[in-house]
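Chain identifiers are assigned alphabetically (A, B, ...) following the order of the sequence lines, protein sequences preceding nucleic acid strands; residue numbering begins at 1 within each chain.
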Amino acid sequence: MEETHTTPMPADTPDSADFDPIADFADFARAQADPLLTDLTDPQRDAVEHAEGPLLILAAAGSGKTRVITRRVAHLVRAGVPPWSILALTFTNKAAGEMRERVTGLLAEIGAARTGGLTITTFHSLCARLLRRYADIANIPGLNPDYTIYDSSDQQALVKRSIANLGLNTSNWAPRAVLSAISNAKNEMMDAEAFAATASDFYARTIATIYKSYQDGLRRANAVDFDDLLLLTVRALQTCEEAREEVQHRWRHVMIDEYQDTNKVQFVLASLIAAQPDNTPPNICVVGDPDQSIYGWRGADIRNILEFEDQYAATRVIALGENFRSTAPILATADTLIRRNKMRKHKDLFTSRDGGELVELTLCADERHEAELVTDWFRARQQDGVEWKEMAVFYRMNALSRVMEDELRRAGFPYVIARGTAFYEREEVKNALSYLRVVANPADDVSLRRILNKPTRGIGATTIARVDTIAYKNQSSLFDALRLIAQGGVEFDLTARAQSAITKFVAMIDAWTGHGAFLGADVSSSLEELTERVITESGLEKHYKSKAEKSGEAPDEDRLANLEEVISSAHEFEQEYSPEDDPAFNNPQTPENSSESPDHNSESTSAELLETPPLLSMLRAYLETVSLVSDADAIDPASGAITLMTLHAAKGLEFDAVAIIGLEDGLLPHSRARESQAELEEERRLCFVGITRAKQRLLMTSARYRTHRGLRERAIPSQFLNELDQTHLIVSDQADHGAGGWEDEDTWAARGRASRGGWENSRSRSRSSRSANSASQEADGWENATGDSGGGAEYGLSVGVRVRHPQFGVGMVEAITMSGANSRARIKFHDVGVKTLVLQYARLDVIN
DNA sequence: ACCGGTGCTCTCTAT
DNA sequence: GAGCACCGGT
């Protein structure tokens with residue numbers, strides 16, 4: 001189906017004189033008429049038209065990558081490839097959703113007869129579904145299709161228990177560090193046994209022991225972590241021929257976006273799925289840019305993209321280099337920066353467009369000043385005619401968003417923070433979902449522990465410890481132990497009171513699940529109803545209601561509203577859910593192609609799954625969806641607001657006006673990256689990603705002082721600022737014009753002298769909203785730096801004083817406590833009730 | 001059993 | 001400035 005590029009053209013076509021060589025005109029004319037080929041450069045068109053065999057698209061930032069992939073998919077369909085045999089993988093739901101939307105649009109535009117059954121999804125989502133589909137036949141001990149997906153906090157809870165159960169100390173064995181080691185191992189496809197086999201020293205051997213215990217805990221709980229999702233799916237496909245043949249037979253074209261960020265497991269997964277039964281070269285098309293590889297720390301292996309050509313013989317490589325997004329100064333800035341990376345294949349970034357505003361670099365006094373300057377800059381951009389939704393602020397750490405938020409709120413500018421997971425991390429939401437998880441999977445100990453005594457129902461720590469013992473003796477889950485107790489008959493070392501509380505709890509769960517059958521008159525008929533029942537009958541709702549009554553104020557209205565929100569999210573999910581589209585159930589197929597769909601050899605798995613009660617399978621799918629939400633998913637292009645997000649979340653997006661804040665040593669590059677060249681280069685790529693998101697205007701800021709961990713510290717401008725192309729920059733030193741008017745001889749131009757490193761300099765403590773001019777304070781020699789001398793008094797705060805807080809509004813000081821290093825003020829705010837704030841850091845202004 | 005206060009510790013990025 | 005563990009009061 002490859003069309004040649006040498007078709008003769010009609011000699012007398014009117015516009016032919018404009019083109020040289022003339023022979024290209026036929027292509028041009030054909031492309032103009034073809035919605036899939038119009039407005040493409042030659043390499044873009046080659047990529048779109050490539051049909052069979054491995055294809056590597058090296059797509060530089062802003063080179064029209066998305067356009068190429070979506071058109072290529074549509075092109076395949078038009079060429080006769082059945083949509084259900086195409087699999088496209090992304091990293092976020094949002095990217096998948098966008099791709100799906102655009103492909104669907106294109107298919108409609110070209111009037112494609114068959115459009116259904118395309119699989120465009122994320123790695124994790126695909127694996128979650130495959131794992132449910134093959135859980136029963138994959139022979140993974142303990143795993144069944146009701147499994148729970150553990151998020152970071154669940155992992156944390158489990159690994160802490162594992163460490164404690166081994167008689168180890170969580171202060172010597174930091175859960176975070178242990179989990180990171182386990183994650184790295186899983187990304188390298190090492191299970192606990194393989195890890196133990198390579199462990200040579202005491203540290204590694206201990207980690208291996210914890211890994212084993214943690215993994216046992218997951219299996220017993222019928223739970224998987226994010227890494228397992230991928231790893232166990234790969235194991236299932238490797239060991240289960242039936243499963244492997246099914247996916248290989250189904251998907252004949254595999255496309256992977258952001259390929260530079262794939263890890264080993266993802267590589268193996270893709271290879272497994274794409275492999276052709278007859279060993280012909282796989283139809284695998286990967287798109288990526290090594291310069292935008294920013295997930296090395298979570299196991300992404302850049303070799304996947306660098307060595308793709310070696311992995312697959314006869315790979316076609318197409319480079320998309322021309323940038324259609326950014327102005328020349330922005331692009332030149334990005335280019336000079338990324339050139340500093342030594343471990344890099346050079347490629348030119350180029351644009352054919354001229355003009356464009358210079359990139360701005362502003363040095364600010366501190367983070368509040370920075371936020372003010374950025375806000376002013378946005379005000380100016382708005383006056384230029386840029387819409388709010390075309391503006392964005394990027395930062396290295398989520399913690400940097402707060403001050404920016406305060407300032408934007410103060411200015412009355414609309415903004416949204418890209419934190420899709422934030423809602424699900426809230427205590428009350430997490431609790432509601434934990435109840436649902438226990439309903440779906442009673443073996444899930446971590447979720448059960450979270451809600452067993454929430455609201456308090458007389459099953460306290462002592463009781464749980466005793467139940468633990470019973471569970472341990474029986475090698476059963478916690479819930480099975482509870483059930484055993486509820487059934488009575490056996491003597492347990494429990495008070496009658498505790499036993500009755502447990503009996504009631506078990507009966508409550510049983511009522512919701514119809515004793516696990518999800519059938520019967522008493523069982524909910526809809527997910528929404530189930531969710532509502534769980535929230536009310538568990539007492540959660542009442543719990544937050546009565547709390548609100550006690551404090552006499554409004555804050556818990558928030559929580560109640562969030563619980564309502566969970567119910568409506570369940571309702572929404574229910575509306576859109578259809579079991580036929582759930583690949584865990586079924587290989588999806590559309591009516592018109594069902595006869596040719598390869599799905600008829602899988603009755604064994606489908607039959608089992610079809611026996612699943614509909615409510616249960618819907619609940620599984622709902623919990624799965626909720627578990628796999630990402631921060632980037634929260635970005636709503638139609639929101640009409642300035643977007644705030646981390647640099648990592650910014651990948652793949654573009655905005656007219658971009659501000660990157662916090663360009664300071666220790667922040668960007670992050671302090672952890674200082675020791676290693678590889679990590680430093682990843683930080684540079686991260687900065688590069690941020691810069692290349694900007695279409696028209698770019699502002700970068702660096703603050704002289706920044707309050708970090710509650711400590712106001714001297715900051716040094718990022719080395720990256722030094723590496724930028726000065727001819728495209730306007731540098732503006734506003735540091736002395738900040739609120740406090742800090743006098744200091746150290747300008748950013750003198751940064752070279754400040755070789756001590758970023759954060760560890762002065763330990764000076766002062767309120768960030770200082771009212772006094774502090775010109776006499778020497779950053780390095782401030783006496784009495786621990787700040788325990790004066791407490792609130794030195795700021796004129798005392799009981800009865802009225803204060804204003806940027807977020808909480810106006811309030812009155814009720815009490816000041818001075819103990820240890822932290823002085824706290826209890827303040828009663830008019831709007832949000834009583835809060836206790838650490839005085840040194842609270843953004844308080846005294847008012848009259 | 002539960003709650004609030006307190007003091008200490010430590011932070012990145014994210015599916 | 002958040003999260004956590006611990007302690008003391010109810």
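Judged purely by distance below 3.5 Å, without hydrogens or angles, the side chains of A:Q677 and A:E679 never pair a donor atom with an acceptor atom. A side-chain N or O of A:Y214 and one of A:Q155 form a donor-acceptor pair less than 3.5 Å apart. Checking A:Q266 against A:D261 by side-chain atom types alone, no donor-acceptor pair falls below 3.5 Å. With hydrogens and angles left out, the side-chain atoms of A:S627 and A:Y424 include no donor and acceptor closer than 3.5 Å. Residues A:S153 and A:K430 bring a donor and an acceptor atom of their side chains to less than 3.5 Å of each other.
A:N398 has no side-chain polar atom (N or O) that falls below the 4.0 Å cut-off from OP1 or OP2 of B:dT11. Taking side-chain N and O atoms only, A:T646 has a distance below 4.0 Å to OP1 or OP2 of B:dA14. For B:dT13, neither phosphate oxygen OP1 nor OP2 lies less than 4.0 angstrom from any side-chain nitrogen or oxygen of A:R672. Between B:dA14 and A:S630, no contact under 4.0 Å exists linking OP1 or OP2 to a side-chain N or O.
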Any protein N or O atoms within reach of nucleotides 6-10 of chain C? Criterion: under 3.5 Å, listing atom names and distances.
none

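Remark on DNA chain B: of its neighbouring residues A:L686 and A:R457, the 5'-side contact belongs to A:R457, judged by nearest-heavy-atom nucleotide. Between A:I459 and A:D227, the residue anchored nearer the 5' end of DNA chain B, judged by the nucleotide with its closest heavy atom, is A:I459.
Distance, A:L452 CG to B:dC2 P: 10 Å, rounded to whole Å. Here the P atom of nucleotide B:dT13 and the CG atom of A:D631 are 10 Å apart, to the nearest Å. When rounded to the nearest whole Å, the span between CG of A:L179 and P of B:dT11 equals 14 Å. A:N169 has its CG atom 14 Å from the C1' atom of B:dT9, to the nearest Å. A straight line from CG of A:N184 to C1' of B:dA14 spans 14 Å, rounded to a whole angstrom. Taking atom CG of residue A:L711 and atom C1' of nucleotide B:dC8, one finds them 14 Å apart after rounding to whole Å. Separating the CG atom of A:L126 from the P atom of B:dT15 is a distance of 17 Å, rounded to the nearest angstrom. Residue A:D225 contributes atom CG, which lies 11 Å from atom C1' of B:dT15 at whole-angstrom precision.
The A:M397 side chain lies nearest to B:dT13 when the options are B:dT13, B:dT15, C:dC4. Distance from the side chain of A:K160 is smallest for C:dA5 among the nucleotides C:dA5, B:dT13, B:dC2. In this structure, of B:dT15, B:dT13, B:dT11, it is B:dT11 that holds the atom nearest to the side chain of A:R709.
Of the listed residues (A:R559, A:E428, A:E427), just one forms a side chain to side chain donor-acceptor pair (under 3.5 Å) with A:Y544, and that residue is A:E427.
When heavy atoms are screened at a 4.0 angstrom cut-off, A:N453 is found touching the sugar-phosphate backbone but no base atom. Within the 4.0 angstrom heavy-atom criterion, only backbone atoms of the sugar-phosphate kind lie near A:T463; the bases stay farther away. Among the heavy atoms of the strands, none lies under 4.0 Å from A:F123.
When the C1' atom is compared between B:dT13 and C:dC4, the two are found 23 Å apart, to the nearest whole Å.
Using cut-offs of 30° and 60° on the angle between ring planes, the pair A:W297 and A:H648 is perpendicular.
By the 5.5 Å and 30° criteria, A:F91 is not stacked with the base of B:dT15.
For the pair A:K651 and A:Y295, the NZ or CZ position fails the cation-pi test of under 6.0 Å to the six-membered ring centre and within 45 degrees of the ring normal.
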